[in-house]
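Remember, it's a predicted structure, so these values are computed and weren't measured experimentally. In what follows, chains carry the letters A, B, and so on, assigned in the order in which the sequence lines appear, proteins first and then strands, with residues in each chain numbered from 1.
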Amino acid sequence: MKTNKQNADFLHIGKKLTKWYDTNARQLPWRQNQLPYNIWISEIVLQQTQVKQGLGHYLRFIERFPTVKELHQASEDDVLLYWKGLGYYSRAINVHKAAHQIVEDFGGEFPNHYNDILKLKGVGKYTAAAIASICFDEKIPAVDGNFYRVLSRIFADDFDISSSKAFQHFSDLALLVMPDEKPGEFNQAIMDIGAEICRPKNPLCMFCPVNEDCMAFQTGRVSEFPVKTIKVKVSDLSLKYFFVKYQNQFLIKQRGNDFIWKKLYEFPTSIPENWNEYIINSKIVNHKLTHKNLSIEINLINIDSKKEFEKFASDNDFLIVNETQADEKSFPKPLQDFYESVCLS
DNA sequence: AAGTCGGGGAT
DNA sequence: ATCCCAGACTT
């Protein structure tokens, strides 16, 4: 940290942001109260997810699992079902595990200090800081992508946000700005400013409450920040599935806890040699993930022998389900789309 | 310290 | 097409 920054007083910036939040905060369901459980779920849902995308999942999740108790009692499959289509499925696995931690390690009471909150599965430094500041008034900056962007612009700071040291760097910077009072409101102010005003592209600097204090804006260099050197690499991946039907039933199996689509259900990836002649339809579905371009071949196959169908399922550990039963499982987006299109036709 | 994990939206 | 999003976990 540069000495001139340490000696200067930037607290007035934080106070302006907190004051702005008082009258400009977005009205969001988890902000109606400050229940740790609701704030926690909202934070997990919104990891790498925009409010617009996560809001519906949040509401359905809270309705199905209103408190830690219901989440603790639920099966992992049920939690995954309510995460279907949201992505980053380890979040669902971990949020379920964390509910068990809260019951077994914290007596069913949500931990009320940063260091304890940090022990929960799926809760890292950002999320622990967000919960601790919003629910328990702890003065810890919740440093995320919004912080990187807002602070890098306010200080015209070219520190590489793709560096593993960025978190520490911007945490130090945040403490120069963060007031002692209302830490939760300050953190949420950065979230809202980052989402609505200090946007990645086309920021609305004319509406920013701290544009007078923003070094990037004052020097006309807002578009130069934040600095990010590492680009995303995208690779190609081909997958092959067989949608094996016998009357109104078909076969599924749960994926492993590694690779993509953790613990979601999928169709068989191979069939017996002599079944090839029963394939009645084959289509290619292209599906884009953040780091992969998927090409998925899905073969539709009708089996008329109940005995063969059940033997294959039994020998290879597949689950036999009908449409209603499948609706209670979580499938990857492209497989869900295919399965729905087959059942509709 | 680097790699990996989804899906949707904006540009 | 490319980038970003209320990041965390594994190696």
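We find that CG of A:L294 is positioned 14 Å from P of B:dT4, with the value rounded to whole Å. Rounded to whole angstrom, the span from the CD1 atom of A:I260 across to the C1' atom of B:dG7 amounts to 12 Å. Residue A:K262 contributes atom NZ, which lies 15 Å from atom C1' of B:dG7 at whole-angstrom precision. Rounding to whole angstrom units, CZ of residue A:F331 and C1' of B:dG7 are separated by 18 Å. Distance A:I44 CD1 to B:dG6 C1': 16 Å, rounded to the nearest Å. Rounded to whole angstrom, the span from the CZ atom of A:F259 across to the P atom of B:dT4 amounts to 10 Å. A:I230 places its CD1 atom 12 Å from the P atom of B:dT4, with the value rounded to the nearest Å.
For the pairing with A:W40, the side chain to side chain contact (heavy atoms under 4.5 Å, CB included) check across A:V45, A:I102, A:L35 returns one residue only, A:I102.
Residue A:H291 and nucleotide B:dT4 are not classified as a stacked aromatic pair, given the requirement of ring centres less than 5.5 Å apart at an interplanar angle below 30°.
Cation-pi check for A:K125 over A:F167 is met; the charged atom lies under 6.0 angstrom from the ring centroid and within 45 degrees of its normal.
Grouping Ile, Leu, Val, Met, Phe, Trp and Tyr residues whose side-chain heavy atoms lie under 4.5 Å apart, directly or via other members, places A:Y278 in a hydrophobic cluster with A:F242, A:V244, A:Y246, A:L251, A:I271, A:W275, A:I279, A:I301, A:I303, A:F309, A:F312, A:F318, A:I320.
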(message) Run the side chain to side chain donor-acceptor pair (under 3.5 Å) test on A:R26 and A:Q188 for me, step by step, so that the C-alpha distance in whole Å, both residues' side-chain angles and the decisive distance to 0.1 Å come before the verdict.
(response) CA-CA 9 Å; A:R26 287 175 288 180; A:Q188 292 179 95; over 6 Å; no
(message) I'd like to know whether A:K228 forms a salt bridge (Lys or Arg N to Asp or Glu O under 4.0 Å) with A:D160, so could you lay out the CA-CA distance, the side-chain angles of the two residues, the decisive distance to 0.1 Å, and finally the verdict.
(response) CA-CA 5 Å; A:K228 183 178 183 179; A:D160 183 2; over 6 Å; no
(request) Evaluate salt bridge (Lys or Arg N to Asp or Glu O under 4.0 Å) for A:K139 paired with A:D180, printing each intermediate quantity in order. (result) CA-CA 7 Å; A:K139 187 191 171 187; A:D180 289 330; 2.7 Å; yes
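Judged by closest nucleotide on DNA chain C, A:T49 is the one of A:T49 and A:L120 placed further toward the 5' end. Heavy-atom nearest nucleotides on DNA chain B were determined for A:S163 and for A:T290, and the one closer to the 5' end corresponds to A:S163. Of the two residues near DNA chain B, A:L289 and A:S164, the one whose nearest nucleotide lies more 5' is A:S164.
Under a cut-off of 6.0 angstrom, the local environment of NZ in A:K84 is crowded, with over 12 non-hydrogen atoms contributed by other residues, nucleotides or ligands. In this structure, A:K121 places its NZ atom where only 12 or fewer heavy-atom neighbours from other residues, nucleotides or ligands lie under 6.0 Å away. Residue A:E277 qualifies as enclosed at atom CD: its count of foreign heavy atoms under 6.0 Å is above 12.
For residues 145-152 of chain A, proximity to DNA chain C is found at A:G145, A:N146, A:R149, defined as any non-hydrogen atom under 4.0 angstrom from a strand atom. Taken residue by residue, residues 124-139 of chain A places heavy atoms nearer than 4.0 Å to DNA chain C at A:G124, A:K125, A:Y126, A:T127. Within residues 77-105 of chain A, the residues approached by DNA chain C to less than 4.0 Å at the level of any non-hydrogen atom are A:Y88, A:N94, in residue-number order.
For the 3.5 Å distance criterion, the side chains of A:E43 and A:Q47 fail to qualify, holding no donor opposite an acceptor.
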Can you name the atoms? Protein N/O to nucleotides 9-11 of chain B N/O, anything below 3.5 Å, with the distance.
residue: B:dA10; atom: OP1; partner: A:K52; partner atom: NZ; Å: 3.0

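With hydrogens and angles ignored, the 3.5 Å screen pairs no side-chain donor or acceptor of A:R221 with any backbone N or O of A:A156.
A salt bridge links A:K119 to A:D116: one of the charged nitrogens lies within less than 4.0 Å of a carboxylate oxygen.
A 4.0 Å heavy-atom criterion places the boundary nucleotides of DNA chain C facing chain A at C:dC3 to C:dC9, written 5' to 3'.
Residues A:F61 and A:V95 are in side-chain contact: their nearest non-hydrogen atoms beyond the backbone lie under 4.5 Å apart. The shortest distance between side-chain heavy atoms of A:Q254 and A:L80 falls below 4.5 Å. Under the 4.5 Å side-chain criterion, counting only non-hydrogen atoms from C-beta, A:E266 is in contact with A:Y241. The shortest side-chain heavy-atom distance between A:F331 and A:F338 does not fall under the 4.5 Å cut-off.
Nucleotides C:dC3 and B:dG6 are separated by 15 Å at their C1' atoms, to the nearest Å. Rounded to whole Å, the separation between the C1' atoms of B:dG7 and C:dT10 comes to 22 Å. C:dA6 and B:dT11 have their P atoms separated by 14 Å, given to the nearest Å.
Residue-level contact check: A:W40 touches neither bases nor backbone, having no heavy atom under 4.0 Å from any strand. Residue-level contact check: A:V51 touches the bases, meaning some heavy atom is under 4.0 Å from a base atom.
Classified by interplanar angle (parallel below 30°, tilted 30° to 60°, perpendicular above 60°), the ring pair A:Y58/A:W30 is perpendicular.
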